[in-house]
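The structure appears right after this line, and notes come after that.
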Amino acid sequence: MTASRVLVLNSGSSSVKYQLLDMADRSRLAVGLVERIGEEASRLVHEPLTGPAAAGGKRERVGPIADHEAALKAVAAELSADGTGLDSPELAAVGHRVVHGGTRFTRPTVIDDEVLAEIRNLIPLAPLHNPANVTGIEVARSLRADIPQVAVFDTAFHSTMPEYVARYAIDARVADAYSVRRYGFHGTSHAYVSRATAALLGKPVEDVNVIVLHLGNGASASAVRGGVCVETSMGMTPLEGLVMGTRSGDLDPAVVFHLARVGGLSVDEIDSLLNKKSGLLGMCGDNDMREVLRRAGEGDEAARLAFATYVHRLKKYIGAYSAVLGRVDAVAFTAGVGENAHQVREAALEGLAELGLALDLEANAARSPQPRLVSAEYARVAVAVVPTDEELEIATQAYALVTE
């Protein structure tokens with residue numbers, strides 16, 4: 001029996017998201033979530049998708065789950081109940097989402113003690129994410145030390161950016177001493193969507209230039225030439241770039257000095273303000289685009305202004321990345337807002353006919369879970385809506401590595 005299954009783990013500070021996939025046919029066997037880890041009301045939701053267990057539908061239990069080790073053992077128990085447990089000989093690898101790979105990790109990597117130590121060393125670059133990623137890896141290794149554990153890095157897809165794109169124009173010695181450069185994030189999504197867009201156009205990925213707009217609560221844009229990232233909007237951290245649900249996006253750095261000197265805010269307070277209390281939330285009090293659109297439709301001026309600012313930033317990046325690429329074959333929208341908010345797509349592309357962009361308004365407004373083109377027939381540049389699949393991308397990369 002050939003081992004073809006990959007368990008994908010995305011470990012957060014108080015949660016674990018997981019999917020079990022069979023790479024023989026790229027099917028999902030189970031999906032689930034453990035949240036509120038460390039609380040009395042921890043919650044585990046598990047859904048088997050194939051076999052006899054699928055007939056029972058979702059299983060949910062609420063109760064204390066002390067830590068990530070207890071969480072992953074609970075996940076293992078749920079999978080075992082389906083007959084797809086971690087002890088299965090069909091399990092080929094465990095794929096871990098790791099947010100920051102720095103400059104060292106530019107491709108999926110089998111995790112050993114040295115790799116794990118280096119991921120720990122990168123914690124200062126991703127203090128909210130890498131510690132939880134490390135914990136998930138440590139626990140998974142303890143449960144199945146005999147199979148490959150593979151780290152797939154959010155930053156890796158963007159490591160192909162030219163050095164003049166990745167560099168900030170600050171003192172080079174300072175930048176090098178403190179690893180200050182642009183890394184980019186959401187890389188697994190941008191990789192998946194850029195390839196899926198090429199497939200939708202019926203062309204080899206090497207022949208397609210695409211602007212990918214990953215619009216969720218976090219949002220980022222990338223310019224991808226022939227399957228290779230040449231520019232992305234997020235920088236050293238996920239704060240740079242587009243307006244997001246709670247993040248400011250692009251900001252004059254002197255605002256930070258002003259808030260400290262004049263406003264008396266501490267570094268931690270400014271960090272919290274820009275990452276957790278800005279963006280749509282800061283401008284109008286809601287970070288859910290559905291609510292922003294509802295309020296704007298009812299004439300709420302704060303929501304209208306927030307939406308206009310959000311869309312304006314999108315237009316700027318579409319125009320900038322059109323210049324970077326020179327030739328654009330497609331603009332692809334993905335993630336929660338990109339896939340579902342047709343008003344955002346329409347507003348972002350309005351007035352960009354000179355760039356070859358035009359929507360079929362009826363196709364754009366229609367809802368569908370499938371990848372699709374929503375551009376007008378006469379448009380020079382295709383507009384695609386492509387549901388992202390980061391778990392499949394992680395599983396694909398992990399499985400390819402362990403079967404080489």
Side-chain angles (χ1 to χ4, degrees), residues 1-12 15-34 37 44 46-51 53 65 67-99 101 104-120 122 129-154 156 188 191-192 389-404:
M1 180 184 298
T2 301
S4 59
R5 294 176 180 173
V6 177
L7 176 63
V8 175
L9 295 177
N10 182 353
S11 298
S15 68
V16 175
K17 298 177 183 177
Y18 64 94
Q19 292 194 15
L20 180 65
L21 300 97
D22 192 332
M23 300 313 295
D25 57 5
R26 297 166 69 86
S27 64
R28 283 174 174 75
L29 304 181
V31 300
L33 166 69
V34 187
I37 295 172
L44 187 154
H46 175 83
E47 183 176 10
L49 300 176
T50 60
I65 297 177
D67 51 29
H68 282 71
E69 181 175 4
L72 285 180
K73 286 182 177 178
V75 170
E78 294 292 341
L79 292 170
S80 292
D82 298 343
T84 57
L86 296 188
D87 57 350
S88 169
E90 296 180 69
L91 189 62
V94 178
H96 296 268
R97 179 199 180 210
V98 179
V99 167
R104 172 174 174 179
F105 298 112
T106 60
R107 55 181 55 87
T109 304
V110 174
I111 301 166
D112 57 19
D113 291 342
E114 180 185 351
V115 169
L116 186 57
E118 188 61 27
I119 295 173
R120 285 197 193 95
L122 292 168
H129 298 96
N130 271 32
N133 302 156
V134 166
T135 300
I137 291 167
E138 289 174 332
V139 175
R141 290 180 82 198
S142 71
L143 295 177
R144 278 302 303 268
D146 59 314
I147 64 169
Q149 309 277 330
V150 178
V152 177
F153 299 90
D154 270 12
T188 51
Y192 177 86
D389 198 332
E390 294 174 89
E391 290 78 15
L392 178 58
E393 180 67 20
I394 291 170
T396 299
Q397 292 189 30
Y399 188 65
L401 179 63
V402 302
T403 54
E404 285 179 353

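If you take CZ on Arg97 and CG on Asp154, they are separated by 4.0 Å, rounding to the nearest 0.5 Å. Put simply, CD on Glu47 and CD on Gln19 are 10.0 Å apart, with the number rounded to the nearest 0.5 Å. Separating the CG atom in Leu86 from the CG atom in Leu72 is a distance of 8.0 Å, to the nearest 0.5 Å.
Using a 4.0 Å cut-off between charged nitrogen and carboxylate oxygen, Asp389 and Arg28 count as a salt-bridge pair.
The minimum heavy-atom distance between Ser11 and His68, with the atom names listed, is CB-CD2, 4.4 Å. Contact record, Ala3 with Ala92: O-CB, 3.6 Å, taken as the closest heavy-atom pair. Listed here is the closest heavy atom pair of Ser80 and Asp87: OG-OD1, 4.5 Å. Asp25 and Asp22 get closest at one heavy-atom pair: OD1-O, 3.2 Å. When every heavy atom of Pro108 is checked against every heavy atom of Val150, the shortest pair comes out as CB-CG1, 4.1 Å. When all heavy atoms are compared, the tightest approach of Val98 to Ala151 is CG2-CB, 3.8 Å.
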For the pair Leu21 and Arg26, evaluate side chain to side chain contact (heavy atoms under 4.5 Å, CB included) and give the outcome as yes or no after the intermediate values. CA-CA 6 Å; Leu21 300 97; Arg26 297 166 69 86; over 6 Å; no

What's the verdict on side chain to side chain contact (heavy atoms under 4.5 Å, CB included) for Val115 and Val110, showing C-alpha distance, side-chain angles and the deciding distance? CA-CA 8 Å; Val115 169; Val110 174; over 6 Å; no

CA sep, side-chain torsions, deciding dist, call: Thr396, Tyr192, side chain to side chain contact (heavy atoms under 4.5 Å, CB included): CA-CA 10 Å; Thr396 299; Tyr192 177 86; over 6 Å; no

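Arg107 CZ: 12 or fewer foreign heavy atoms inside a 6.0 Å radius.
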